[in-house]
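Taking it in order: structure first as structure tokens, then the write-up.
Nothing here was measured: the structure is a model prediction, and the numbers come from that model.
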Amino acid sequence: MASAIALVVALLFSMAQLSVGSSRRLMELYVPPESDRLTYHQGGVLSGDIPVSILWYGKFSPAQKSIVSDFLLSLTSAPNGAATPSVGQWWGTIEQLYLSKASAVNGAAGSTRVLLGEQLTDEDCSHGMSLTLDQIEQLAARVGAKTGGVALVLTDEDVAVEGFCSSRCGRHGSSQDGESTHIWVGNSVKQCPGHCAWPFAQPQYGPQGAPLVAPNGDVGMDGMVMVLATMVAGTVSNPHGDGYYQGPKGAGLEACSACSGIYGSGAYPGYAGNLLVDPTTGGSYNANGAGGKKYLLPALYDPATASCSTLV
């Protein structure tokens with residue numbers, strides 16, 4: 001009797017494995033129709049020199065600021081012989097999948113260069129500790145992004161922003177005249193690390209697993225870079241809402257958000273993927289950057305293959 005029960009259990013387990021395996025294979029073979037893909041809508045993308053100005057809203061230590069600034073410097077200014085995989089390679093994928101193809105269509109400058117510009121600090125939080133999206137735009141205007149550039153507003157861990165944690169971890173948009181763009185990202189370490197800094201914090205919902213070690217030893221700032229990378233990719237490839245996106249205009253998926261939660265090969269819900277681990281710090285990462293920094297950067301959607309491209 002016991003052997004018969006064991007046989008039935010083994011058979012059911014095998015069938016379950018077969019079902020899961022078949023489902024995964026079907027998902028891998030599935031190619032969505034053109035109408036459901038992330039495609040180019042013939043609008044503008046950012047190209048040429050892209051100056052980035054920063055407003056630090058709240059309190060950030062010099063070490064915290066360097067995590068972000070070194071990421072930005074690493075996008076297009078990595079020295080020859082830099083360790084790989086690198087932030088520069090991640091940016092190169094954006095150029096290959098999005099910017100170069102758009103340039104071929106509209107005749108814009110083919111090469112891009114991200115330049116770190118002016119940095120302002122509002123440590124006293126002149127607009128208060130709870131900001132609306134309109135106030136974020138006012139702060140972005142205060143930074144004064146140059147034509148074709150990006151104004152970056154970063155809020156500290158104690159600042160609340162409209163929709164932060166409940167519906168967004170960051171946001172990007174453009175000025176009314178279309179001359180400049182802006183990005184906002186908040187430090188989620190006190191408010192919702194499981195939502196905006198996963199996998200460096202226990203997930204807020206879904207499959208539960210032990211958090212990974214943040215590569216630069218700061219869950220909030222390493223989480224901000226992951227969100228910032230997503231916003232940067234969306235900004236350069238869809239700056240005015242008529243570039244690369246999937247779904248309804250103004251609320252569609254973009255270069256990274258179409259691959260949400262994927263950071264390495266083999267990723268699935270609750271698992272960020274196969275990542276590199278720093279033997280000294282134990283931090284998980286997939287990209288090397290300036291100043292010896294290491295980062296975890298999101299996968300990029302490949303419109304040609306309808307798949308997510310990862311660095312590792």
Side-chain angles (χ1 to χ4, degrees), residues 52-61 64-65 67-69 71-72 117-145 149-176 180-205 214 216 218-236 238-241 245 250-257 260-261 295-298:
V52 178
S53 303
I54 305 176
L55 174 62
W56 303 93
Y57 192 83
K59 296 180 180 179
F60 292 89
S61 70
Q64 289 180 318
K65 290 181 178 180
I67 292 174
V68 172
S69 59
F71 164 68
L72 295 170
E118 184 180 12
Q119 298 188 48
L120 304 177
T121 298
D122 187 347
E123 194 167 293
D124 295 329
C125 298
S126 59
H127 283 58
M129 301 295 289
S130 181
L131 303 176
T132 65
L133 294 181
D134 285 341
Q135 288 176 309
I136 290 293
E137 293 190 11
Q138 293 169 17
L139 291 171
R142 177 177 156 194
V143 180
V150 181
L152 176 56
V153 178
L154 301 176
T155 51
D156 81 6
E157 60 193 40
D158 294 311
V159 175
V161 176
E162 179 184 345
F164 187 36
C165 296
S166 61
S167 60
R168 61 177 64 91
C169 300
R171 189 172 186 262
H172 77 85
S174 60
S175 58
Q176 290 186 350
S180 63
T181 59
H182 58 267
I183 294 173
W184 158 73
V185 179
N187 186 332
S188 66
V189 70
K190 286 185 178 180
Q191 301 178 54
C192 56
H195 179 54
C196 295
W198 181 87
F200 301 133
Q202 197 75 21
Q204 190 168 318
Y205 51 82
N216 298 297
D218 190 315
V219 170
M221 297 307 296
D222 281 310
M224 285 186 82
V225 170
M226 292 189 297
V227 178
L228 175 57
T230 298
M231 295 298 107
V232 165
T235 297
V236 298
N238 189 33
H240 309 298
Y245 65 90
L253 297 176
E254 297 179 324
C256 289
S257 56
S260 179
Y295 300 101
L296 186 61
L297 304 182

Are Q64 and D218 packed together at the side-chain level, in the sense that at least one heavy-atom pair is separated by less than 4.5 angstrom? yes
Are the side chains of R168 and L133 in touch, meaning some heavy atoms are under 4.5 Å apart? yes
How about H240 and T181: do any of their side-chain heavy atoms sit closer than 4.5 Å? yes
To the nearest 0.5 Å, atom OH of Y245 lies from atom OG of S257 at 13.0 Å
Are the side chain of S175 and the backbone N or O of S180 linked by a donor-acceptor pair below 3.5 Å? yes
Donor-acceptor contact present, side-chain S166 to main-chain G163, <3.5 Å: yes
What one should report as the nearest heavy-atom pair of K190 and D158 is NZ-OD1, 2.9 Å
Once you measure the plane-to-plane angle for Y205 and H195, does it fall in the parallel (<30°), tilted (30-60°) or perpendicular (>60°) bin? tilted
Pair E137, R171 - check side-chain contact (heavy atoms from CB on, under 4.5 Å), show working. CA-CA 10 Å; E137 293 190 11; R171 189 172 186 262; 3.8 Å; yes
Backbone of Q191 reached by a side-chain donor or acceptor of S188 within 3.5 Å: no
Quick check: W184 with F164 (ring centres under 6.0 Å apart)? yes
Find the distance between OH (Y57) and CE (M129) and round it off to the nearest 0.5 Å. 7.5 Å
Where is the tightest heavy-atom contact between A255 and A233, given as atom of each residue plus distance? CB-CB, 4.0 Å
Is the number of heavy atoms from other residues, nucleotides or ligands under 6.0 Å of K59 NZ greater than 12? no
Are any of the side-chain heavy atoms of F200 and M226 separated by less than 4.5 Å? yes
Shortest non-hydrogen contact from T155 to V161? OG1-CG2, 4.0 Å
For the atom pair OG1 (T230) and CD1 (I183), what is the distance rounded to the nearest 0.5 Å? 10.0 Å
Candidate pair L72 and L152, rule side-chain contact (heavy atoms from CB on, under 4.5 Å), full reasoning: CA-CA 11 Å; L72 295 170; L152 176 56; 4.1 Å; yes
CD-CH2 distance between E123 and W56, expressed to the nearest 0.5 angstrom: 12.5 Å
Do I54 and K65 come within less than 4.5 Å of each other through their side chains, counting heavy atoms only? no
Between V232 and V52, is any pair of side-chain heavy atoms under 4.5 Å apart? no
Closest heavy-atom contact between M231 and G170? SD-C, 3.7 Å
Are the side chain of D156 and the backbone of V159 linked by a donor-acceptor contact shorter than 3.5 Å? yes
So, for Y295 and F71, which heavy atoms are closest and what is the spacing to 0.1 Å? OH-N, 3.1 Å
From V189, N216, N187, residue fulfilling side-chain contact (heavy atoms from CB on, under 4.5 Å) relative to M221: N187
Do you know which two heavy atoms are closest between L297 and A229, and how far apart they sit? CD2-CB, 4.0 Å
Under 2.5 Å between the SG atoms: is that true for C165 and C196? no
Are any of the side-chain heavy atoms of H172 and E254 separated by less than 4.5 Å? yes
Given side chains that start at C-beta, do those of L296 and D222 come closer than 4.5 Å, heavy atoms only? no
Assess the residue pair D122 and R142 against the criterion (side-chain contact (heavy atoms from CB on, under 4.5 Å)); give the C-alpha distance rounded to whole Å, side-chain angles, the decisive distance to 0.1 Å, and a yes or no. CA-CA 11 Å; D122 187 347; R142 177 177 156 194; 3.0 Å; yes
So, Q135 side chain and T132 main chain: donor-acceptor pair closer than 3.5 Å or not? yes
Point-to-point distance, once rounded to the nearest 0.5 Å, from NE2 of H182 to OG of S174: 7.0 Å
